[in-house]
Amino acid sequence: MKCNLIGGEWCAGATSRRNVNPSDTDDVVGEYAHADAEQTRTAIDAACDAQRTWRDSGIQARSTALDCIGTELLARQTELGTLLSREEGKILAEGVAEVARAGQIFKFFAAEAVRTGGEKLPSVRPFVDVEVTREPVGVVGVITPWNFPIAIPAWKIAPALAYGNSVVFKPADLVPGSAWALADIIHRSGIPRGVFNLVMGRGSVVGETMATSPEVNAISFTGSVETGQRLLLQGARQFKRLQLEMGGKNPLVILDDADLDVAVDCAIQGAYYSTGQRCTASSRFIVQKGIYVRFVSRLADALERLRVGHALDPDTHIGPVVDDAQLKQDEAYVGIGRNEGATLVCGGASLDRSTRGYFLSPALFADASPKMRIAREEIFGPVACAIPVETYEEALAVANDSEFGLSAGICTTSLKYATHFKRHVRSGMTMVNVPTAGVDYHVPFGGTKSSSYGSREQGTYAVEFFTTVKTSYTKAYYE
Ligand code: UN1
């Protein structure tokens, strides 16, 4: 059994959980520890004790440890990418690329650790100097989803450690394998005991204990809106710092003047790759009338050609859905779309393959209206809908008519519309002729409205969440 890492020791859980391959449910990836509340508290205490040592260890030690973690991730990208695809179901190329991305993120923050600056300013009072410096927040809880089993943990843990915080990490229950591998690498990187703790287990036990513990100063979370709201309410009692990345219902606008090949490529990559299981996935194609019929038929043709199958088969384009519950949810939305009167152009059927897995053919609805549930609610699967519109102005209004605002794309060859869209679409990230999903690791990530709460993740902007600002006044001499 793979154990939790608490205070530098590998500890068996109170119980354990089996990790199953969604491409082949007969393939058991392993047995992983499940912590109870008491073990979670022990991990929080260990993180608290270790925090001072880590913050005083100096930026070189922190940078060296992060660099070493990044190097190992990059060196083992094929092996760990295979593990990732086996437990999550994204195809091997995506699994390997995700591990490489995690490695790059650690390298990026290894450099950021030695770059953290401050400010020195004159005071409005004579003989006084003012300094503005950054300090670690303290103990940071990291709670991550199943859809990016190593990249999302990396982009929360790397800045947390770089800026001198200690970490209690709770990965998603469905994908403990990548989390355990990352924990093992971090453990061997030379960081002091207790600075990084892995606590696998249920959200209702481990997450809840972290959310209600006054010793956890901050939580960085990616997951559902419902859980995000719960963490926010619980955290409010202790004025906990929170960074929440939640849902999306990302629009991809396609104007009459778009390059059709580019539009179809953006639609496929953005909506269906990674089985559509990304909070940045395009799920609403908002298409101008003049290109609508051509777009829908070209996209449907391309979708029919995509091969759905075992994630580790090199011929597969789309792997399985992550588990039975998610498959049922996707299928339910296909039914909802039909009942609402949208036209199912292709896909939406569960598929039999030589192994037992959760395979679903990529689904495209046409003639959807902005008020339909399939156009408003996050499905989190390979299901998207096309909404016809008359004008650019209508397209923008439909794009903005959502409770979410994470990523928004437009395919156009018009500088005027591209520029207007970038300025007026209400989202944290906007894409012109590139897919809504699949972002760079060195620039800020996050959204508006119900998609995100708190300061941005990633890039140099991560410093805002993982540090607290101190203003010091010094009167060194008096004349
Ligand atoms: C990406 O699109 O490259 O949970 C990243 C998610 C996002 C990450 C998306 N937080 O899907």
Side-chain angles (χ1 to χ4, degrees), residues 81 84 88-91 93-105 108 142-159 170-175 178-179 203 219-228 231 242-252 265-283 319 321-322 326 330 378-384 404-409 427-431 434-459 461-462 465:
L84 194 161
E88 198 269 350
K90 64 180 68 175
I91 60 169
E94 291 172 333
V96 173
E98 187 183 328
V99 176
R101 178 175 179 173
Q104 308 287 15
I105 290 167
F108 178 88
V142 168
I143 304 179
T144 57
W146 50 260
N147 64 333
F148 282 87
I150 208 158
I152 294 180
W155 80 53
K156 295 177 189 295
I157 293 165
K170 188 210 110 51
D173 234 4
L174 285 172
V175 290
S178 305
I219 292 183
S220 181
F221 163 84
T222 299
S224 71
V225 173
E226 209 182 9
T227 307
L231 287 169
L242 285 158
Q243 181 177 56
L244 310 172
E245 287 300 334
M246 299 164 287
K249 190 72 193 172
N250 309 292
L252 178 67
D265 192 50
C266 286
I268 290 182
Q269 284 198 41
Y272 300 100
Y273 277 20
S274 300
T275 324
Q277 299 178 141
R278 293 189 276 194
C279 59
T280 44
S282 318
S283 54
V321 167
V322 75
Q326 189 64 47
D330 296 347
E378 184 174 48
I379 301 173
F380 222 68
V383 183
F404 298 111
L406 186 58
S407 181
S427 66
M429 295 173 291
T430 116
M431 315 290 187
V434 286
T436 58
V439 299
D440 286 6
Y441 66 83
H442 65 304
V443 287
F445 179 96
T448 57
K449 299 190 264 183
S450 303
S451 289
S452 303
Y453 177 90
S455 57
R456 289 285 186 260
E457 300 190 292
Q458 300 216 73
Y461 287 66
F465 183 75

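Each ligand, and each atom within it, is numbered from 1 in the order the structure gives.
Glu457 places no side-chain N or O within donor-acceptor distance of the main-chain N or O of Ala462, the cut-off being under 3.5 Å.
Proximity of Ser282 to Gln269: side-chain heavy atoms (C-beta onward) are nowhere separated by under 4.5 Å. You'll find the side chain of Met429 stays beyond 4.5 Å of the side chain of Asn250, heavy atoms only.
Ser427 and Ser407 share no donor-acceptor pair across their side chains, judged by distance under 3.5 Å alone.
Note: no N/O pair closer than 3.5 Å links Pro145 and ligand 1 by distance alone. Checked against a 3.5 angstrom limit, the closest N/O atoms of Asn147 and ligand 1 fall inside it.
Near Val439, with a cut-off below 4.0 Å to any heavy atom, the atoms of ligand 1 are 1 (C), 3 (O). Listed by atom number, the atoms of ligand 1 under 4.0 Å from Arg278 heavy atoms are 11 (O). Each of the atoms 2 (O) of ligand 1 lies under 4.0 Å from some heavy atom of Ala437.
At the shortest separation from atom 11 (O) of ligand 1 among protein heavy atoms lies Cys279 N, 2.6 Å. Nearest protein neighbour of atom 9 (C) of ligand 1, counting heavy atoms only, is Thr280 OG1, 3.5 Å. With respect to atom 1 (C) of ligand 1, the closest heavy atom belonging to the protein is Gly438 N, 3.4 Å.
A cation-pi geometry, defined here as NZ or CZ lying under 6.0 Å from the six-membered ring centre and within 45° of its normal, holds between Lys90 and Phe148.
Counting heavy atoms closer than 4.0 Å to ligand 1, residue Trp155 contributes side-chain atoms (C-beta onward) but none from N, CA, C or O. With a heavy-atom cut-off of 4.0 Å, Arg101 touches ligand 1 through its side chain alone. Within the 4.0 Å heavy-atom criterion, neither part of Glu245 lies near ligand 1.
Heavy-atom minimum distance, Ala267 versus Tyr272: O-CD1, 3.8 Å.
Tested against Ser274 for a side chain to side chain contact (heavy atoms under 4.5 Å, CB included), the candidates Glu88, Glu98, Glu94 yield a single pass: Glu94.
A distance of 6.0 Å or more separates the ring centres of Phe108 and Trp155.
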